[in-house]
There are 2 protein chains.
Amino acid sequence: MAAKRSYHHGDLRAALIAASFDQLADGGLPRFSVAAVARRLNVSSAAPYRHFPDRVHLLGAVSAVAAGDLRAAIETAAVEAGSDPAARLAAAAGAYVRYVARTGAGFSVIYAAELHDFPDEARREQTRALMTSLLDLGTATGVPSYQEAVLMVEATIAVAQGYTSLLADGFFARKAHSADAVADRATQAARSLAAPSRGAGS
Amino acid sequence: MAAKRSYHHGDLRAALIAASFDQLADGGLPRFSVAAVARRLNVSSAAPYRHFPDRVHLLGAVSAVAAGDLRAAIETAAVEAGSDPAARLAAAAGAYVRYVARTGAGFSVIYAAELHDFPDEARREQTRALMTSLLDLGTATGVPSYQEAVLMVEATIAVAQGYTSLLADGFFARKAHSADAVADRATQAARSLAAPSRGAGS
DNA sequence: GTCTATATCTAGATAGAC
DNA sequence: GTCTATCTAGATATAGAC
């Protein structure tokens with residue numbers, strides 16, 4: 001039956017956050033529970049409450065880490081994409097799909113409605129930095145106004161989130177598409193968003 | 001206090017499906033439960049089980065209805081969009097956002113992983129017809145191959161699903177965007193996917 | 001055809017032992 | 001710092017009354 005629970009961890013707080021990512025990657029937000037995370041670590045269901053007062057605070061900590069990691073992944077992808085601003089923004093879409101496929105923690109977790117009434121300054125900082133990175137990529141494309149940059153970033157995020165949702169919901173299951181293949185399609189679709197009637201010049 | 005439960009319905013089966021849509025629109029799939037649906041109708045929590053053997057069968061029935069309604073909404077939007085094939089496909093994205101914002105039942109419900117092992121022929125029929133409608137819109141755009149039509153339809157669905165997810169997750173909350181405004185953006189973004197600035201399948 | 005009542009399960013959260 | 005034990009609440013599902 002259940003593995004024995006003689007497990008005393010050195011840094012359970014960090015382990016809980018890491019296990020939360022695994023849990024999210026496995027079953028998504030719907031199946032996320034403090035009890036399930038505790039089970040993953042072979043600790044009692046009460047142990048997490050020594051480190052987080054409740055479920056929302058654990059999710060909030062995960063959200064902050066995810067926002068920071070996602071921002072780093074996007075920055076890296078932009079660097080690898082080269083110098084074309086539109087390609088750099090599109091690469092963010094691909095990085096988003098890869099990150100969420102791997103960790104299960106995308107915008108639906110980072111900006112989860114459950115966390116809206118939850119004023120965690122550290123988390124606010126991370127989410128703000130993430131949005132700033134994205135908006136910087138958007139304004140760099142040379143659209144005529146900030147407003148249009150916002151719209152383009154939103155569209156890029158929407159494409160990435162859309163492919164991510166379809167992947168997570170098993171829409172691509174039959175064809176057995178890998179996360180990387182889907183991420184490449186997201187990048188390509190995002191790239192074509194930037195190139196319609198009004199070009200970026202060059 | 002709970003309203004009294006003296007309610008005998010004429011067609012509880014249909015009422016359960018309708019109430020399921022309300023429940024999905026309110027709390028999404030995560031908060032969907034047979035008990036919550038029964039509460040909405042002021043019937044006992046046991047009543048639904050006279051009409052559906054279990055939760056999955058209720059969801060399956062909802063899925064079939066949603067697929068049919070969604071297909072009708074997409075067809076109508078295509079007609080209203082006129083004769084340009086790319087505009088007709090893009091209009092499907094807008095119709096999708098509007099339909100899911102209103103009903104809560106999008107692809108994540110229609111193709112919910114919970115239903116994969118659930119062989120309901122009526123539902124299969126509806127979902128197949130929905131995909132056929134979308135693929136017809138895709139092939140009509142005159143892309144050089146069927147494979148590219150599939151990719152373009154997938155991208156269009158992804159855009160629509162992405163805006164839908166962001167809307168449902170409260171991403172647009174602060175700006176208080178209406179569902180119609182978001183649907184218009186989805187339409188516009190989907191429209192730019194079809195722009196031949198860069199070969200979609202190079 | 002719908003009700004009441006109930007058995008079982010899982011999750012969130014707390015108290016107190018070690 | 002983590003455990004066992006326990007309480008509460010809500011969900012699925014079944015049995016049997018009316």
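So you know, we letter chains A, B, ... as the sequences are listed, proteins then strands, and number each from 1. Note: hydrogens, waters and symmetry copies are ignored here, and every other heavy atom, side chains too, is used.
Listed by residue number, the members of residues 57-66 of chain B with any heavy atom below 4.0 angstrom from DNA chain D form an empty set.
Contact annotation: Arg39(B) reaches the phosphate of dA11(D) (side-chain N/O to OP1 or OP2, under 4.0 Å).
Contact between Arg123(B) and Ile110(B) at its shortest, heavy atoms only, is NH2-O, 3.1 Å.
Residue order along DNA chain C, read from the 5' end via each residue's closest nucleotide, puts Ala47(B) first among Arg31(A) and Ala47(B).
The main-chain N or O of Pro48(A) is never found under 3.5 Å from a side-chain atom of Arg13(A) such that the two would form a donor-acceptor pair. With hydrogens and angles disregarded, no donor-acceptor distance shorter than 3.5 Å links the side chain of Ser63(A) to the backbone of Leu59(A). Although no hydrogens or angles enter the test, the distance criterion places no donor-acceptor pair under 3.5 Å between the side chain of Tyr96(B) and the main chain of Ala186(B). The closest donor-acceptor contact from the side chain of Asp169(B) to the backbone of Phe171(B) lies at 3.5 Å or more, if one exists at all.
Comparing dA11(D), dC3(C), dT4(D) by their closest approach to the side chain of Ser44(A) singles out dT4(D). With dT2(C), dG12(C), dA11(D) as the choices, the nucleotide that has an atom nearest any side-chain atom of Ala35(B) turns out to be dA11(D).
Considering only heavy atoms from C-beta on, Leu58(B) comes within 4.5 Å of Ser20(B) through its side chain. Residues Val159(B) and Arg191(B) form no side-chain contact, since every pair of their non-hydrogen atoms from C-beta on lies 4.5 Å or further apart. Between Met131(A) and Leu134(A) the shortest side-chain heavy-atom distance falls below 4.5 Å.
Taking five base pairs at each end of the helix from dG1(C)-dC18(D) to dC18(C)-dG1(D), the local helix axes there meet at an angle of 0°, rounded to 10°.
The distance between atom CZ of Arg13(B) and atom P of dG1(C), rounded to the nearest whole Å, is 12 Å. Between the CG atom of Asn42(A) and the C1' atom of dC3(D) there is a distance of 13 Å, rounded to whole Å. Distance Glu114(A) CD to dA11(C) P: 15 Å, rounded to the nearest Å. Here dG1(D) presents its P atom at 10 Å from CG of Asp11(A), a figure rounded to the nearest Å. As rounded to whole Å, 8 Å separates atom P of dT2(D) from atom CG of Leu16(A). Per the geometry, CG belonging to Leu12(A) stands 5 Å off P belonging to dT2(D), to the nearest Å.
Residues Gln161(B) and Ser165(B) have side chains that bring a donor and an acceptor to within less than 3.5 angstrom of each other. Looking only at atom types and distance, the side chain of Arg31(A) has no donor-acceptor partner in the side chain of Gln23(A) under 3.5 Å away.
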### Message
The test is salt bridge (Lys or Arg N to Asp or Glu O under 4.0 Å); show your working for Asp69(B) and Arg102(B) and say whether it passes.
### Response
CA-CA 12 Å; Asp69(B) 289 352; Arg102(B) 186 162 53 80; over 6 Å; no
Show each protein N/O and nucleotides 13-18 of chain D N/O combination with a separation under 3.5 Å, one pair to a line.
residue: dA13(D); atom: OP2; partner: Arg55(B); partner atom: N; Å: 3.0

